[in-house]
Number of protein chains: 2
Amino acid sequence: MNTLDYGDPMTAVRPYHHGNLRSTLLREAENVLGERGVEGLSLRELARTAGVSNSAPRRHFADKTALLDALAEEGYERLGRRLDAALKTAEGDVTARLVVFARTYVEFAVEHRALLPLMHRPKSEARDDALSAANDRAFAAPLRLLHEARDRGDIAPDTSGRVDMTLLALLQGLTVLVATGMNGDLPLDTLVTGCIETLMAGLRPC
Amino acid sequence: MNTLDYGDPMTAVRPYHHGNLRSTLLREAENVLGERGVEGLSLRELARTAGVSNSAPRRHFADKTALLDALAEEGYERLGRRLDAALKTAEGDVTARLVVFARTYVEFAVEHRALLPLMHRPKSEARDDALSAANDRAFAAPLRLLHEARDRGDIAPDTSGRVDMTLLALLQGLTVLVATGMNGDLPLDTLVTGCIETLMAGLRPC
DNA sequence: GCCTCAATGTATTCATTGGATACATTGTAG
DNA sequence: CTACAATGTATCCAATGAATACATTGAGGC
């Protein structure tokens with residue numbers, strides 16, 4: 001371990017090794033990303049902010065793309081944990097549980113609006129396998145909830161998987177809507193609840 | 001007009017003025033964008049491809065962002081025209097008309113998958129006013145269809161506008177799903193039809 | 001206790017980029 | 001035919017992504 005001199009910041013001796021450069025870079029990258037977008041993100045600037053040399057980040061991320069991929073993957077993991085936690089405490093009928101799910105999902109999208117575009121990277125751009133896997137895992141959760149409800153007869157059967165896709169699309173679309181601010185002044189909770197209830201009830205006149 | 005020598009490409013005299021640099025740049029930009037994403041897009045490379053100097057593009061787009069905004073706006077206009085055209089020929093009940101609408105929308109998203117992320121730019125990044133307006137216009141169309149159907153009593157009334165948001169979210173989500181390839185091997189037409197029908201019927205067991 | 005070695009940072013270099021500024025060429029309207 | 005606005009060009013600069021060679025560190029085997 002190095003001798004650190006915290007007395008005078010001007011002459012403070014920084015240890016040769018940062019300690020947790022990787023996570024520091026990721027955290028700061030998410031900040032910058034939220035403020036200035038992908039174009040405004042510079043590896044060198046991240047290095048400067050972390051008080052480290054130009055090429056240090058390369059030890060952790062071979063590439064700018066690699067950093068973005070890591071950020072996206074981390075995003076899926078965080079999302080997954082929050083969804084699991086939320087579902088554990090969710091009670092009530094299918095609608096209520098779906099609302100909890102959707103709300104958690106949309107809240108995450110709002111808090112990490114910088115991450116979503118990375119997570120939704122179109123498949124045309126070559127994707128990390130790990131990223132694809134994380135994607136699948138995240139979307140497996142709502143589907144599980146739906147299938148369990150179907151097994152209990154709480155919702156109509158679905159032979160073709162089209163209903164599943166509808167829920168997925170609705171969730172995805174909600175995040176985009178909220179991220180782009182298209183919900184106007186409609187409170188987030190009202191929006192989500194309304195969408196799920198609408199999906200449950202259908203559009204046909206009663 | 002300049003004298004052009006098309007005989008020998010090596011010594012061909014190019015006119016001082018390109019003629020339609022702006023649209024050439026936009027077209028080529030969309031190509032590159034589809035292949036290599038925003039990061040892989042370079043103004044200079046566009047200039048080279050167009051056979052024009054480094055700084056020529058600046059006459060038409062003050063900024064790289066300006067080019068992207070123009071691309072997004074153009075995208076909304078094209079989308080609007082296609083939606084209008086599709087709706088004119090659409091016949092049948094609400095479901096059928098909604099399906100036509102959704103299919104047109106998703107088809108556009110697939111054909112121009114490079115454009116969608118630009119069009120869905122989060123509001124946190126300062127947006128061109130023209131872009132916001134184009135956005136509103138594009139989303140006004142499906143809402144109009146929905147409201148007309150409601151006036152005729154084809155779908156249930158909606159006091160809070162939550163149903164409207166549900167349709168919007170579903171449309172948005174569909175494009176994201178398709179763009180990221182999450183539909184798997186499900187044919188596009190089946191997917192869209194299934195989603196709209198599911199939305200009409202609702203999830204509740206019959 | 002010492003030595004090797006893998007992990008992690010640093011120093012330096014290079015081509016490319018976005019952007020700015022001053023200048024050249026053109027068609028056109030008066 | 002001349003002045004001018006539009007459109008390209010030439011040239012410069014700081015910053016970036018990326019690559020390569022070198023330095024520092026701590027941990028594990030001896």
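All values below were derived from every heavy atom in this structure, side-chain atoms included, with hydrogens, water molecules and symmetry-related copies excluded. Letters A, B, ... mirror the listed sequences (proteins, then strands); counts begin at 1. The model shown is predicted, which means the values in this text are computed figures rather than measured ones.
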With nearest nucleotides of DNA chain C determined for A:S53 and A:E39 from heavy-atom distances, which residue corresponds to the more 5′ nucleotide? A:S53
Please state how far atom CG in B:L21 lies from atom P in C:dT26, giving the value in whole angstrom units. 16 Å
What is the separation between atom CG on A:L68 and atom C1' on D:dG17, rounded to the nearest whole Å? 13 Å
Please tell me which of A:P57 and B:L41 maps to the more 5' nucleotide of DNA chain C, matching each residue to the nucleotide holding its nearest heavy atom. A:P57
Can you tell me if A:R58 touches the phosphate of C:dA11, counting only side-chain N or O atoms and a distance under 4.0 Å to OP1 or OP2? no
Can you tabulate the close N/O pairs, meaning under 3.5 Å, that link protein atoms to atoms of nucleotides 13-15 of chain C?
none

So which atom in B:V176 and which in A:V176 form the shortest heavy-atom distance, rounded to 0.1 Å? CG2-CG2, 3.9 Å
To the nearest angstrom, the CG-C1' distance between B:L43 and D:dT16 comes to 15 Å
Sidechain-backbone polar pair: A:T193 side chain, A:T190 backbone, donor-acceptor under 3.5 Å: no
Just compare D:dG17, C:dG9, C:dT17 and give me whichever is closest to any side-chain atom of A:V52. C:dG9
Could you tell me the separation between the CG atom of B:L46 and the C1' atom of C:dT17, rounded to a whole number of Å? 12 Å
Whole Å only: how far is the CD atom of B:E45 from the P atom of D:dG17? 17 Å
Hey, is the main chain of B:R162 close enough, under 3.5 Å, to the side chain of B:D158 for a donor-acceptor pair? yes
When you measure from the side chain of A:D154 to the backbone of A:V94, do you find a donor-acceptor pair of N or O atoms at a distance under 3.5 Å? no
Point-to-point distance, once rounded to the nearest 0.5 Å, from CG of B:N54 to CG of B:L46: 11.5 Å
To the nearest 0.5 Å, tell me how far B:L143 CG sits from B:H147 NE2. 5.0 Å
Would you say A:H60 places a side-chain N or O within less than 4.0 Å of OP1 or OP2 belonging to C:dG9? yes
Mind checking if B:R22 touches a base, just sugar-phosphate, or nothing, with heavy atoms under 4.0 Å? nothing
Which of the following nucleotides, C:dC23, D:dG17, C:dG9, is nearest to the side chain of A:R59? C:dG9
B:D63 has an atom CG; how far is it from atom C1' of C:dT17, in whole Å? 13 Å
C:dT12 OP1/OP2 closer than 4.0 Å to side-chain N/O of A:S55: no
Gap separating the CZ atom of A:R144 from the CG atom of A:D164, nearest 0.5 angstrom: 13.0 Å
Hey, does A:L67 reach any base, or is it just sugar-phosphate, or nothing, if we go heavy atoms under 4.0 Å? nothing
